[in-house]
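Here, residue 1 is the first one in the sequence, and each next residue gets the next number. Note that the coordinates shown come from a computational prediction; the quantities given were computed from them, not determined experimentally.
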Amino acid sequence: MSTRPSIEVAVRASAVLGEGPTWDAAARRLIWVDILSSRVHTYDPATGRRTTLATEQHVGAAKPRAGGGLVVNLRDGIGVYGADGGFDWLLREAVPGRRGNDAAVAPDGALWAGTMRYDETAGGGTLSRIGADGSSTEFLPEVTVSNGIGWSPDGRLMYYIDTPTRRIDVFDVDDAGGTVVSGRRPFAEVEKGAGFPDGLCVDADGAVWVALWDGAAIRRYAPDGTLDRVVELPFPRPTACAFGGADLTDLYLTSARVGLGAAVPPLAGSLLVIEGAGQGLAQPAFAG
């Protein structure tokens, strides 16, 4: 079950809190963020080209927009960058001591965005659905560290992580529009001593891959929730994973250096890739 596949360095970096890898199919590049450095990074694996966008606030997630540009989950709400680089607020709701964290785009093009308190106060965060017009519906009001979000290949299941619970939960998506989500229940639980579940992605088989913060590993859970595979990593704090590349078979991993003290492993904070790890799903762009 435990494996050590060939892990390559895609981008050698020193991200404080690298997060949120996302494959932008239209631009054929990977998008990822360094939350605490307020940076959005892109990487084109075909050419090696990299770009960096500085945001004015801590940025929890960045996702491609259908018309070009990016939607970003910032400290004070949801912002959008146009294809020309111009910035506007889509939804601004500043709460002192709180910031945006992980986010994901649903099959219907809506953004599901999480928040958390900087001091990680229990129940101090939220999970909300943001429509293309900026309308917001709070779905979960008392989240501690809102993290991984993903959908099954048929869009009928939504997976979600509130990190301190040590669980990956699953919901039923009851309508074609993706707005009726109910039936929360545990999908899988990470045992004590194995780290905490952070970001996730779902592959074409319906299996869920999850990064284990302080667990130095990525896990794959089969569609029935049983542990299927463990990939050991050369640093303790992987943060998230996503399939990318032209055929969506390469698994990209972000990582963090924050909180590791003086003895930081050399690759902590870098973007890594496991080529041929599986078959990913195409990710929709935000409709707004």
For residues Ser136 and Glu138, is any side-chain donor paired with an opposing acceptor at under 3.5 Å? no
Spell out, as yes or no, whether a donor-acceptor pair under 3.5 Å connects the side chain of Asn147 to the backbone of Asp162. no
Side chain of Ser255, backbone of Pro238: donor and acceptor closer than 3.5 Å? no
Keeping the roles fixed (side chain from Asp133, backbone from Ser135), state whether a donor-acceptor pair exists under 3.5 Å. yes
Quick one: CD1 on Ile218 to CG on Asp198, what's the gap to the nearest 0.5 Å? 9.0 Å
If two hydrophobic side chains count as joined below 4.5 Å and joins carry through other members, does Leu111 share a cluster with Val180? no
Between the main-chain N or O of Ala13 and the side-chain N or O of Ser270, is there a donor-acceptor pair closer than 3.5 Å? yes
Between Thr47 and Asp44, is there a side-chain donor-acceptor contact under 3.5 Å, judged purely by atom types and distance? yes
Tell me if the CD atom of Gln279 is crowded by more than 12 foreign heavy atoms within 6.0 Å. yes
For Arg129, does its backbone N or O pair with a side-chain atom of Thr137 as donor and acceptor, under 3.5 Å? no
Members other than Val173 in its cluster, when Ile, Leu, Val, Met, Phe, Trp, Tyr link by side-chain heavy atoms under 4.5 Å? Trp112, Leu127, Phe139, Leu140, Val143, Ile149, Trp151, Met158, Tyr160, Phe171, Val181
May I have the list of side-chain donor-acceptor pairs in residues 183-190 shorter than 3.5 Å, sequence neighbours left out?
from: Arg184; atom 1: NE; to: Asp169; atom 2: OD2; distance (Å): 2.8
from: Arg184; atom 1: NH2; to: Asp169; atom 2: OD2; distance (Å): 3.0
from: Arg185; atom 1: NH1; to: Asp172; atom 2: OD2; distance (Å): 3.2
from: Arg185; atom 1: NH1; to: Gly183; atom 2: O; distance (Å): 2.7
from: Arg185; atom 1: NH2; to: Asp172; atom 2: OD1; distance (Å): 3.0

Taking atom CD as the centre, does Glu56 end up with more than 12 heavy-atom neighbours from other residues, nucleotides or ligands that are less than 6.0 angstrom away? no
To the nearest 0.5 Å, what is the distance between OG1 on Thr42 and CG on Asp24? 9.0 Å
CG-CZ distance between Leu267 and Phe235, expressed to the nearest 0.5 angstrom: 7.0 Å
Same cluster or not: Ile35 versus Val95, using hydrophobic residues (I, L, V, M, F, W, Y) connected whenever any side-chain heavy atoms lie under 4.5 Å apart? no
Can you tell me if Thr163 uses its side chain to pair, donor with acceptor, with the backbone of Pro197 under 3.5 Å? yes
Donor-acceptor pairs under 3.5 Å, side chain of residues 58-75 to any protein atom, not counting sequence neighbours: which ones?
from: His58; atom 1: ND1; to: Tyr118; atom 2: OH; distance (Å): 2.8
from: His58; atom 1: NE2; to: Leu36; atom 2: O; distance (Å): 3.4
from: Lys63; atom 1: NZ; to: Thr22; atom 2: OG1; distance (Å): 2.6
from: Lys63; atom 1: NZ; to: Ala103; atom 2: O; distance (Å): 3.3
from: Arg65; atom 1: NE; to: Gly288; atom 2: O; distance (Å): 3.0
from: Arg65; atom 1: NH1; to: Tyr81; atom 2: O; distance (Å): 3.0
from: Arg65; atom 1: NH2; to: Gly288; atom 2: O; distance (Å): 3.4
from: Asn73; atom 1: ND2; to: Asn101; atom 2: O; distance (Å): 3.0
from: Asn73; atom 1: ND2; to: Gly114; atom 2: O; distance (Å): 3.0

So if you build clusters from Ile, Leu, Val, Met, Phe, Trp, Tyr with side-chain heavy-atom gaps below 4.5 Å, do Leu281 and Leu157 land together? yes
Please go through Val145's hydrophobic cluster and name the other residues, only I, L, V, M, F, W, Y counting, with side-chain heavy atoms under 4.5 Å joining them. Met116
If we ignore hydrogens and angles and just use 3.5 Å, is the side chain of Asp228 paired with the main-chain N or O of Arg220 as donor and acceptor? no
With no hydrogens and no angle check, is any side-chain donor or acceptor of Arg117 less than 3.5 Å from a backbone partner on Pro96? yes
Results of ring-ring contact (aromatic ring centres under 6.0 Å, His included) for Trp32 - residues two or more places apart only: His41
Distance (rounded to the nearest 0.5 Å) between Asp76 CG and Arg99 CZ: 12.5 Å
So, Arg156 side chain and Asp154 main chain: donor-acceptor pair closer than 3.5 Å or not? no
Whether Ser152 side chain and Gly206 backbone form a donor-acceptor pair below 3.5 Å: no
Ring geometry between Phe243 and Trp209 (parallel below 30°, tilted from 30 to 60°, perpendicular above 60°): perpendicular
Can you tell me if CZ on Arg167 sees more than 12 non-hydrogen neighbours from other groups inside 6.0 Å? yes
Shared-cluster residues of Val264, by chain and number - hydrophobic side chains joined below 4.5 Å: Leu260
Transitive ILVMFWY side-chain link Tyr252 to Ile7, under 4.5 Å: no
What about Val273 and Val231, same hydrophobic cluster or not, with Ile/Leu/Val/Met/Phe/Trp/Tyr joined at side-chain heavy-atom distances under 4.5 Å? no
Cation-aromatic face contact Arg29/Tyr43, 6.0 Å, 45 degrees: no
About how many Å separate SG of Cys201 and CG of Leu251, when rounded to the nearest 0.5 Å? 5.5 Å
In this structure, OG1 of Thr52 is separated from CZ of Arg39 (nearest 0.5 Å) by 7.5 Å
